[in-house]
Each structure stands twice: as C-alpha cells, then as structure tokens.
Amino acid sequence: MIIDFFTDLVVLFEQFPTLYLVSVFILGLCVGSFLNVVIYRLPIMMQNEWRDDCLEFLEQPADPEKDRFNLTVPRSRCGHCGHKISALENIPILSYLALRGKCAECKTPISIQYPVVELFTALVSLLVGWHFGVSIQALAALVFSWCLIAASGIDVGHKLLPDSITLPLLWLGILLALFNVFVDLETSVIGAICGYLSLWSIFIVFKLITGKEGMGHGDFKLLAMLGAWCGWKMLFVIVLTSSLVGAAVGITMILLKKSERSTQIPFGPYLAAAGWLSLLWGPQILQFYFGLL
Ligand SMILES: [Zn+2]
C-alpha cells in the first residue's frame, strides 16, 4: 500500500518535474519551520540532560517541579507574553509576513531568524531536488542537508555540535555506501576514519604547542560524518574550502573589530557548508583546485 503510493508519486514526479521541484520547495519550508524548533530546543534539552546527570551523580534529588520539555512538548509560545502560537500563525514565511514580524498578542518583534531558516532550508532543498532529480540520492541528500542546517544553527548559537545529529548521520552515510548511493563502502569507511583522525591529530598538536584547544570534539565527529557521506577523496576539498572561508570570515571580523583575535569562532558551519558543496559538486571543486595548482 505505502510502496504503491511511493511508486505512483515517483512516476508522477518524473512526468511533471516542475511539480516535483515545487513540492520539494514547500516540503523544505515546512522542514525549515521544524528546524527552527530543533535549533531552539535541542540545546536546552541537552543542558537539562547534563543537569540531571550531574544531580544523579551527586546523589541529589531531581527537580520534581520540572515540566516536560522536548521537541513536541510544550506548544510553541511567544517568548515575551506566553501567547500560544496557533497553527495559523505557524505557516512558514506567510505567517511572519501576515503578522508583519510581530507577536499577534503583544506585538513584540519575532526574530528574523525564523523566516530566514525556513527560506534557506527551502532553497537548499530545491537545489538538492534539482541537482539529483527524482532519485534516492535526492532523498538522502535532503536528510543530509536538513541535519547540517540544524547542526550549524546550534553551533552558531551555542558552540555545540550535538552527537544526536552527527552520529546517526555518520551511520546513515555508511549504510548508504553499502548500497553505493554516493560512494562505495570502502571509500566511505576510510573517509569516516581519516575525517576523524585528521582533525584529532591537528587538535593534539595545536594543544601541545599552544596549550589551548583550537576546536571542539564535535568538529572531529562532523568531519568523520562528512567523510562517510562524501568519501575520503573529498576530505581535502572539505578541509581546504572550510579553512579558506573560515579564515576569510575570521580576518574580516577582526578587521571590523567585531571580535577579538582570541575569540573562538565555531568551525562547524564552515565544515558543514563545505561538506554539502562536496556532496553535490565535489569532483568539480577538486578539479578547480587542481587547476589553480
Ligand atoms: Zn507575545
């Protein structure tokens, strides 16, 4: 029954490519709306968990007053007046425009981050759908893109790359390689191993020389995951591209006096962006670098 539905859907999308792209765009908007929830709530859920673990370790009683808090409970509210966001006020982009970016109750401005994440997710999804066409690669790459957007959003806000996003995605990448979806199994496994070990060794050397921690452990796991999806041959492209863009942004920020030289800038979003580009246009980017040499 479900398989029949999907087969029909694939046939329909193959016949009407525009319908396919419009559907992917709308799906992207809806997923983007959910990613906003993940970006906001997942770090709080992680902090609650650490707190509970610490209390348990210290044999302190857990807080009995604490309300349940996860991705679905409680319902979204206005951060200022507590007004519950209705389904009608929750339509991606449109609600923001209709409400003119303000809470329906107290008129407090709603962060521009919400519509931006929705539109960005939709555009990225559209690019993926257009690049891979109606295929299993498109479906996998959509999941990959959405997880990277959520992880990057959290890293920018909290300097955290949640294991609950990177690790399942790492295993999914290896599973896909078992069926040769993007790369073969050997390329994927070597990619995951080299991805982790390369950043880990840089981290150790940097720490021995400067006594400082230049990046977080989340970055090693993220690069391992990207290696599993894109294969070891793309690690060079990913690290070089993310370092170049990261350095350019970092220097610009220092020049504009927006940040101090010692400020830690999260590296995760650059790795994620470079990994995403490599999954779609890896060979072309590699050729471009070789052309420069
Ligand atoms: Zn309000």
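First listed ligand is number 1; within each ligand, the first listed atom is number 1. Just so we're clear, the structure is a prediction, and the values are computed from it rather than from any experiment.
- For the Zn ion (ligand 1), the count of nearby protein N, O or S atoms, meaning those under 2.8 Å away, is 4.
- Enclosure of atom CZ in R75 by more than 12 non-hydrogen atoms of other residues, nucleotides or ligands within 6.0 angstrom is indicated.
- Alongside I209, the hydrophobic cluster contains V205 (criterion: ILVMFWY side chains under 4.5 Å).
- Counting non-hydrogen atoms of neighbouring residues, nucleotides and ligands closer than 6.0 angstrom, the CZ atom of F25 exceeds 12 such neighbours.
- Open room surrounds CD on E49; 12 or fewer heavy atoms of other groups in view lie less than 6.0 Å from it.
- Under the 30°/60° scheme for interplanar angles, the aromatic rings of F182 and F132 are found to stand perpendicular.
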Under the side-chain hydrogen bond (donor to acceptor under 3.5 Å, both in side chains) rule, what do E105 and H80 come out as? Steps first, then yes or no, please. CA-CA 10 Å; E105 192 75 30; H80 187 70; over 6 Å; no
